[in-house]
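One structure is given here, and the rest of the page talks about it.
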Amino acid sequence: MRTECQADFVQLNGKRYPCTVSLAMDLIGGKYKATILYHLQDGVKRFGELHACLNAATEAVLSKQLKELERDGLVSRTQYGTKPPVKTEYALTDFGRTTIPVL
């Protein structure tokens with residue numbers, strides 16, 4: 001019985017994965033992560049626009065998923081202004097664009 005796949009270990013950001021499938025699942029395996037990436041493939045979106053696309057997700061869950069995607073380098077976050085309400089935009093990074101064929 002195979003554990004996952006028969007490849008060398010892969011490392012990213014100090015984490016070690018048994019194969020590329022495990023790496024991909026860690027990066028985009030969250031409940032809404034793949035959907036967020038899918039909606040960002042057409043361009044920059046604000047938080048409210050993403051929330052409208054994912055109306056089943058609460059704001060807290062969406063925010064958490066976006067922070068994880070940003071931490072992993074798949075999504076970039078740009079904030080304009082310092083006083084509330086601030087304008088925040090999300091976009092795919094070059095690394096994030098590599099997930100589009102998988103989606």
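For reference, positions follow the sequence shown, starting with 1.
No continuous path of hydrophobic side-chain contacts links Tyr90 to Tyr80 [ILVMFWY only; heavy atoms under 4.5 Å].
Atom NZ of Lys33 and atom CG of Asp72 lie 5.5 Å apart (nearest 0.5 Å). Rounding to the nearest 0.5 Å places NZ of Lys67 at 10.0 Å from NZ of Lys64. Here the OG1-CG distance, from Thr98 to Leu74, works out to 7.0 Å after rounding to the nearest 0.5 Å. Rounded to the nearest 0.5 angstrom, Leu66 CG and Arg71 CZ are separated by 12.5 Å.
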Taking only distance into account, with no hydrogens and no angle test, what donor-acceptor pairs under 3.5 Å do side-chain atoms of residues 38-60 form with protein atoms, sequence neighbours excluded?
residue : atom : partner : partner atom : Å
Glu49   : OE1  : Arg46   : N            : 2.7
His51   : NE2  : Ala57   : O            : 3.0
Thr58   : OG1  : Val61   : N            : 3.2

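Minimum interatomic distance between Gly81 and Val86 (heavy atoms only, all atoms of both residues): O-CG1, 3.6 Å. The two residues Thr93 and Gly73 come nearest to each other via the heavy atoms OG1-O, 2.5 Å.
Residue pairs satisfying the salt bridge (Lys or Arg N to Asp or Glu O under 4.0 Å) criterion with at least one member in residues 73-94, sequence neighbours excluded, are listed as follows: Lys87-Glu89.
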